[in-house]
J.: 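What follows is a structure written as structure tokens; I'll ask about it next.
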Amino acid sequence: MSINARPESEWRALRHCLIASAIVTAIILIWSFWFKPVTYDEYYTWFEVKPGPSFSDALTQHWLRDSHPPLYYGLIYLLRQLSGQFFVLRALNAVGVLLALWAMAAIAGEHATIRLPTGLFLMAVPANPNLFASLVMLRSYALQCMVDCVILTGLCAYLIDGVLSRRSRIVLSTALILGLNLHLENSMGLAGLLGTVTIIAIRRRDRDVAQWLMAVSIASAAILITTSVFQLADWQYDATGIAGRLADRNASSIAKVLVFTAAAVLLTAPVQIVLAARGVVQMWAGRRWDSWSAAAAVLLGVGVALLGLYTAIQPVMLEPYYTILNQLLLLYAACLPAALVLQATSPKRAAVLLWAMVLTSGICQLYNLRSATAPLATEWPGLQWLSDEIAACPDTAVHVVRLDPGLYDPNAGPDAPDMLPEYLRFTARLEGIRIEPERSRRISAKCPTLFWIDDWMQPGLPVKRKEAAILGTLRKQGFAVARIELITPRQERIAIAR
């Protein structure tokens with residue numbers, strides 16, 4: 001059955017549901033932008049685009065020394081000129097969401113066949129906990145999620161309709177160039193998807209689309225290769241270092257990633273999944289849908305293949321880096337047969353199912369909001385330990401320590417000696433923890449004196465050697481301390497010396 005078999009007027013329920021879902025999503029996202037605690041990764045982005053260095057200096061001295069493509073840092077650097085407030089800059093993600101919605105609407109406006117599956121997809125994405133968390137971060141994950149949604153919409157339009165309008169190609173070209181230069185794992189995934197669709201275009205003898213896809217691929221690859229030349233050494237070192245730190249995760253990585261991805265999709269799009277299963281059963285019973293089933297098979301096949309590839313080279317890659325694209329692929333693959341089942345259902349029953357999706361999506365988003373805005377101390381118990389120590393003895397002195405550069409794990413990045421102390425002070429200010437001024441050398445007479453150190457010291461260094469190195473640093477900085485004791489209260493990334 002064709003998705004356009006019914007008059008457009010009978011799908012008012014979809015528009016109403018999308019509007020209701022969009023309002024709920026907008027409120028929850030905006031709340032999260034302002035009240036979500038600042039993570040270490042987010043502050044890393046904030047630090048890398050700090051005012052002072054020119055664009056060219058920041059590019060050569062900071063971004064090209066990072067293992068990620070510099071495109072995202074460049075965009076955030078330009079946006080930071082508009083505001084020097086962290087939470088304002090994070091809230092600008094909302095602009096990105098609006099632009100992504102506009103781009104998807106522009107494609108769907110030219111290709112009516114994908115309006116319904118895209119509408120279902122838009123309700124499922126913010127309900128997913130991993131995708132929601134990426135959208136509210138000041139990190140490349142946010143833009144990656146938005147751009148990938150646009151790319152999937154455009155490529156599915158071609159897989160189903162067999163054509164792409166000029167307007168859709170312009171939108172999709174922009175999205176592809178961005179998506180292929182945001183994150184290496186995302187680039188690998190999109191390259192696989194793009195290559196698959198290009199092969200399909202060649203088999204269809206659609207020379208125009210095939211040449212266009214190859215031209216976009218070459219342009220994107222040229223940008224990525226140019227920047228990658230300067231980052232190869234960092235990639236090799238980071239891969240070796242991360243593999244060493246995470247080697248114990250390798251044994252269970254495949255099962256963990258598969259279970260995590262499947263559970264996130266099943267729990268956040270239950271109505272779509274049920275309808276999709278029904279649609280697949282009908283297809284196997286002999287109701288062939290050709291381009292629709294082919295599009296779903298491409299998304300599902302690429303998603304599963306990428307999971308196999310990613311997990312095969314674990315633990316060099318971390319789950320959040322690549323599960324974004326995989327979950328988007330699986331969600332859209334489920335929304336295609338779900339849309340066809342809805343199309344074959346009576347208008348009243350379809351409206352009930354659509355409103356059930358809105359309700360489910362809203363409940364999931366409220367759960368995601370609760371997780372996103374939970375106090376940082378719930379994920380970083382050392383903060384709560386600090387607060388408890390100060391509450392137990394109000395005269396406790398807490399100093400943030402800047403270690404000598406040679407003591408840091410190189411995996412922390414070349415800017416770690418300057419950035420980590422800033423992050424600790426920034427976090428303490430947001431969490432209401434009283435920190436001594438940077439020039440203070442006060443030693444409390446009545447209570448403990450605590451020296452707060454983010455534990456990014458060289459791996460494998462014995463505790464006694466760490467203590468000796470920290471004590472030497474403190475004395476060199478003018479602290480009158482005779483001995484220290486290094487402890488890590490309930491969290492490996494925070495070390496307290498007293």
Side-chain angles (χ1 to χ4, degrees), residues 1 3-6 8-29 32 97 100-101 104-105 108 112-135 145-146 148-150 152-153 156 160 261-282 289 292 295-296 299-300 327-371:
M1 178 176 288
I3 198 71
N4 292 320
R6 287 198 185 132
E8 184 81 11
S9 59
E10 292 194 5
W11 286 105
R12 290 176 181 171
L14 175 62
R15 289 195 292 271
H16 295 161
C17 289
L18 282 176
I19 292 172
S21 183
I23 292 173
V24 171
T25 301
I27 294 173
I28 291 177
L29 282 179
S32 298
V97 172
L101 290 175
M104 296 172 75
T113 52
I114 63 164
R115 289 176 189 170
L116 182 55
T118 301
L120 303 183
F121 180 64
L122 288 174
M123 285 188 272
V125 168
N128 184 289
N130 189 43
L131 299 177
F132 182 90
S134 71
L135 286 172
C145 184
M146 301 169 202
D148 287 354
C149 287
V150 176
L152 289 179
T153 303
C156 282
I160 294 171
T261 303
V265 172
L266 290 171
L267 295 175
T268 57
V271 183
Q272 288 96 319
I273 297 296
V274 171
L275 294 179
R278 179 181 169 186
V280 171
V281 170
Q282 291 178 355
W289 290 330
W292 284 79
L299 298 182
L300 186 62
Q327 289 177 72
L328 292 175
L329 285 165
L330 298 180
L331 282 174
Y332 211 115
C335 289
L336 287 169
L340 287 170
V341 172
L342 280 174
Q343 174 65 34
T345 306
S346 67
K348 289 185 178 179
R349 183 176 295 179
V352 171
L353 290 170
L354 285 168
W355 281 110
M357 294 178 195
V358 174
L359 179 61
T360 305
S361 176
I363 293 173
C364 290
Q365 288 183 61
L366 287 173
Y367 174 81
N368 295 340
L369 173 66
R370 180 183 177 186
S371 299

J.: I'd like to check the side chain to side chain donor-acceptor pair (under 3.5 Å) partners of Ser32; sequence neighbours left out, ordered by chain and number.
T.: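 In terms of side chain to side chain donor-acceptor pair (under 3.5 Å), with neighbours along the sequence ignored, Ser32 is linked to no residue.
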J.: Can a donor-acceptor pair be found, under 3.5 Å and without considering hydrogens, that links the side chain of Ser361 to the backbone of Met357?
T.: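 The answer is no, because no donor-acceptor pair under 3.5 Å joins these two groups.
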J.: Going through the distances and angles, do Leu329 and Leu300 end up as a side-chain contact (heavy atoms from CB on, under 4.5 Å)?
T.: CA-CA 7 Å; Leu329 285 165; Leu300 186 62; over 6 Å; no
J.: For Thr118, give me all partners under side chain to side chain donor-acceptor pair (under 3.5 Å), at least two apart in sequence or on another chain.
T.: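 For Thr118 the side chain to side chain donor-acceptor pair (under 3.5 Å) partners, ignoring immediate neighbours, are Tyr332.
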J.: Could you report the tightest heavy-atom contact between Val358 and Ala20, atom names first, then the distance?
T.: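 Result for this residue pair: CG1-CB, 4.4 Å.
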J.: Does Leu366 have any side chain to side chain contact (heavy atoms under 4.5 Å, CB included) partners at least two apart in sequence or in another chain, and if so, which?
T.: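 Leu366 satisfies side chain to side chain contact (heavy atoms under 4.5 Å, CB included) with Ile28 once adjacent residues are dropped.
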J.: How close do Leu354 and Cys17 get, counting heavy atoms only, and between which atoms?
T.: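 Smallest interatomic distance, heavy atoms only, reads CB-SG, 3.5 Å.
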J.: Could you pull out all residues at least two apart from Ala100 that satisfy side chain to side chain contact (heavy atoms under 4.5 Å, CB included)?
T.: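 For Ala100 the side chain to side chain contact (heavy atoms under 4.5 Å, CB included) partners, ignoring immediate neighbours, are Met146, Val150.
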J.: Return the set of residues passing side chain to side chain contact (heavy atoms under 4.5 Å, CB included) with Leu101 (not counting sequence neighbours), or none when no residue passes.
T.: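 Once residues adjacent in sequence are excluded, the partners of Leu101 under the side chain to side chain contact (heavy atoms under 4.5 Å, CB included) criterion are Val97, Leu122.
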J.: I need the Arg349 CZ to Leu353 CG distance, nearest 0.5 Å.
T.: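 Answer rounded to 0.5 Å: 8.0 Å.
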J.: Of all heavy-atom pairs between Cys149 and Val125, which one has the smallest distance, and what is that distance?
T.: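 Taking every non-hydrogen atom into account, SG-CG2, 4.2 Å.
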J.: Sequence neighbours excluded, which residues qualify as side chain to side chain donor-acceptor pair (under 3.5 Å) partners of Ser134?
T.: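 Side chain to side chain donor-acceptor pair (under 3.5 Å) list for Ser134, sorted by chain: empty.
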J.: How many angstroms lie between CD in Gln327 and CG in Asn130, if you round to the nearest 0.5 Å?
T.: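 One finds 5.0 Å between CD of Gln327 and CG of Asn130.
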J.: Walk me through whether Leu340 and Leu336 qualify under side-chain contact (heavy atoms from CB on, under 4.5 Å).
T.: CA-CA 7 Å; Leu340 287 170; Leu336 287 169; over 6 Å; no
J.: If I compare all heavy atoms of Ala295 with all of Ile160, which pair ends up nearest, and what's the gap?
T.: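 So the minimum-distance heavy-atom pair works out to CB-CG1, 4.0 Å.
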J.: According to the ring pair (Phe, Tyr, Trp, His ring centres under 6.0 Å) rule, which pairs have a member within residues 344-365, sequence neighbours left out?
T.: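 Residue pairs passing ring pair (Phe, Tyr, Trp, His ring centres under 6.0 Å), neighbours aside: none found.
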J.: Distance from Cys364 atom SG to Leu369 atom CG, nearest 0.5 Å?
T.: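 Going from SG on Cys364 over to CG on Leu369, the span is 13.0 Å.
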J.: Can I get a per-line list of side-chain donor-acceptor pairs under 3.5 Å for residues 264-276, giving both atom names and the distance, sequence neighbours left out?
T.:
from   : atom 1 : to     : atom 2 : distance (Å)
Thr268 : OG1    : Ala264 : O      : 2.5
Gln272 : NE2    : Leu120 : O      : 3.2

J.: What's the spacing between Gln365 CD and Ile27 CD1 if we round to 0.5 Å?
T.: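 Spacing of CD (Gln365) from CD1 (Ile27) equals 10.5 Å.
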J.: With sequence neighbours excluded, tell me which residues meet side chain to side chain donor-acceptor pair (under 3.5 Å) with Asn368.
T.: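 None.
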J.: Just verifying a value: how many Å separate Leu152 CG and Met104 CE, rounded to the nearest 0.5 Å?
T.: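 Interatomic distance, Leu152 CG to Met104 CE, rounded to 0.5 Å: 8.0 Å.
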